[in-house]
Amino acid sequence: MELEMEFIRKMPSPQELKVDHPVEPAIYETKRRRDAEIRDILTGKDSRFLLIIGPCSADNEDAVVDYCQRLAEVQEQVKDTLYIIPRVYTNKPRTIGVGYKGMAHQPDPEGKEDMLAGIIACRNMHIRVIRETGFTCAEEILYPENHRYLSDLISYAAIGARSVEDQLHRMIASGVGIPVGMKNPTSGDISVMLNSIAAAQHEQQFLFRGWEVRTKGNPLAHAILRGYVDKFGKSLPNYHYEDLVRLHEEYGKRDLENPAVVIDANHANSGKKYLEQIRIANDVLYSRHMNPDLKKMVKGIMIESYIEDGSQKIGEGVYGKSITDPCLGWPKTRDLILELAGRVDY
């Protein structure tokens with residue numbers, strides 16, 4: 001019987017790749033420190049507010065590093081109230097996977113490089129960000145097989161709305177050793193999201209990369225509210241005060257560790273109207289201010305931002321402009337960060 005899937009080459013294991021492409025100890029020390037700081041924020045030991053911010057898709061190394069260098073300058077100004085984690089989502093494709101499949105699968109615009117080159121390109125981007133800015137970043141666990149190729153470099157991970165119901169994603173989240181945000185599914189059913197958090201917080205034993213593996217559970221798995229889509233395809237938000245109160249109540253019905261939520265200000269919450277992220281972020285801070293339970297639970301905001309406003313088509317070649325979802329440009333981003341820093345504890 002003819003195989004329907006062509007096996008092109010056997011990829012090196014994540015362990016082999018890390019040996020072949022070693023990273024200096026200073027990078028691992030930066031990750032160790034930042035992992036501890038982010039953990040303290042999510043467990044309530046540190047009162048700073050998380051800002052997970054950056055391009056929808058990290059497609060261009062120079063532009064992403066440039067953007068993160070700008071973030072680093074602003075981080076110094078707001079370090080007492082905001083803790084910035086850059087979004088460096090190297091696996092993020094266009095929604096239907098046509099035209100751009102993410103850097104791991106397509107490291108150059110013409111798609112001529114192979115996947116090994118793509119994995120190395122992803123690692124190199126993260127390494128440059130750490131070396132040149134002192135940031136360790138956030139990634140989306142879009143392809144579970146790819147995660148461990150970057151696991152020694154990142155400090156935060158997200159499970160997307162279309163992956164959060166997948167059992168393998170849930171089990172991977174239970175063993176990554178860093179905070180994982182589980183997004184509500186596109187249906188908006190928060191019980192599905194909370195079930196995913198529960199699965200990620202529990203010990204798991206499963207088959208992965210040809211191994212039988214066991215995890216201890218991830219106490220830092222938490223919620224991300226990103227809005228949802230009704231049966232007619234219309235985007236609806238779930239970041240309002242009433243939504244947050246309901247999530248707090250639902251958390252209270254379950255035996256989950258470190259109840260927390262990050263609000264995704266774009267996607268269905270904004271209807272992908274990227275300028276709305278400014279208003280939404282301020283609205284979330286107001287809700288925190290009005291309710292001490294929400295102030296304790298709402299740990300951060302996620303914002304899609306890049307150097308230039310909006311988005312572009314593949315091949316337009318505009319430096320620092322998103323090739324996937326539209327993003328908030330840098331001048332507006334900088335103003336928003338400074339505004340939020342002044343309002344977190346007002």
What closest approach, in Å, do [X] and [Y] show between heavy atoms, and which atom pair accounts for it?
| X | Y | value |
| --- | --- | --- |
| Leu116 | Pro12 | CD1-CG, 3.7 Å |
| Asn258 | Pro219 | ND2-O, 3.0 Å |
| Ile303 | Ala265 | CG1-CB, 4.2 Å |
| Val88 | Met125 | CG1-SD, 3.6 Å |
| Pro86 | Cys137 | O-CB, 3.2 Å |
| Val129 | Cys68 | CG1-SG, 3.9 Å |

Donor-acceptor under 3.5 Å ([X] side chain, [Y] main chain):
| X | Y | result |
| --- | --- | --- |
| Glu165 | Val192 | no |
| Arg87 | Pro55 | yes |
| Thr81 | Val344 | no |

[X]: which residues meet the salt bridge (charged side-chain N to carboxylate O under 4.0 Å, His left out) condition with it, sequence neighbours left out?
| X | value |
| --- | --- |
| Arg39 | none |
| Glu73 | none |
| Asp293 | none |
| Asp283 | none |

Indicate yes or no: at least one non-hydrogen side-chain atom of [X] is less than 4.5 angstrom from one of [Y].
| X | Y | value |
| --- | --- | --- |
| Cys327 | Cys56 | yes |
| Leu51 | Val78 | no |
| Ser196 | Ile159 | no |
| Leu244 | Tyr239 | no |
| Ser287 | Val298 | no |
| Ile154 | His147 | yes |
| Phe49 | Leu285 | yes |
| Ile337 | Ile53 | yes |

Would you say [Y] and [X] are linked by a side-chain donor-acceptor pair, where the criterion is simply a distance under 3.5 Å?
| X | Y | value |
| --- | --- | --- |
| Tyr83 | Asp46 | no |
| Asn184 | Asn238 | yes |
| Tyr67 | Ser305 | yes |
| Lys253 | Ser191 | no |

Listing request: all side-chain hydrogen bond (donor to acceptor under 3.5 Å, both in side chains) pairs with a residue in residues 218-231, at least two apart in sequence or in separate chains.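 Applying side-chain hydrogen bond (donor to acceptor under 3.5 Å, both in side chains) to every pair that reaches into residues 218-231, excluding sequence neighbours, yields Tyr156-His222.
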For residues 116-136, pull every pair meeting side-chain hydrogen bond (donor to acceptor under 3.5 Å, both in side chains), keeping only residues two or more places apart or in separate chains.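 Listed once each, the pairs are Glu24-Arg131, Arg34-Thr136, Glu61-Arg128, Asp62-Arg128, Gln69-Glu132, Arg123-Asp152, His126-Glu139, Arg128-Glu132, Thr136-Ser155.
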Would you call Arg33 and Glu37 a salt bridge, using N to O less than 4.0 angstrom?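 Yes, charged N to carboxylate O under 4.0 Å.
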Quick one: list whatever passes side chain to side chain donor-acceptor pair (under 3.5 Å) with [X], sequence neighbours left out.
| X | result |
| --- | --- |
| Ser163 | none |
| Arg148 | none |
| Glu316 | none |
| Ser57 | none |

Reference residue Glu276; test salt bridge (Lys or Arg N to Asp or Glu O under 4.0 Å); the match among Lys272, Lys273, Arg279: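 Answer after filtering Lys272, Lys273, Arg279: Arg279.
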To the nearest 0.5 Å, how far apart are CG in Asp309 and OG1 in Thr333?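 Going from the CG atom of Asp309 to the OG1 atom of Thr333 covers 7.5 Å.
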Interatomic spacing from CG in Leu168 to CZ in Arg170 - rounded to 0.5 Å: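 One gets 11.5 Å once the value is rounded to the nearest 0.5 Å.
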Residues sharing Val23's hydrophobic cluster, by side-chain heavy-atom contacts under 4.5 Å among ILVMFWY, directly or via others?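 Answer for Val23: Ile27, Tyr28, Ile127, Ile130, Leu153.
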Are there more than 12 heavy atoms of other residues, nucleotides or ligands under 6.0 Å from atom NZ of Lys18?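 Yes, because the 6.0 Å sphere around NZ of Lys18 holds more than 12 heavy atoms from other groups.
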Could you go step by step and tell me if Glu249 and Arg246 meet the salt bridge (charged side-chain N to carboxylate O under 4.0 Å, His left out) rule? CA-CA 5 Å; Glu249 292 172 348; Arg246 180 184 170 212; over 6 Å; no
Under the side chain to side chain contact (heavy atoms under 4.5 Å, CB included) rule, collect the residues that match up with Ala223, sequence neighbours excluded.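 If we apply the side chain to side chain contact (heavy atoms under 4.5 Å, CB included) test to Ala223, skipping adjacent residues, the hits are Met193, Ile197, Leu247, Tyr251, Val261.
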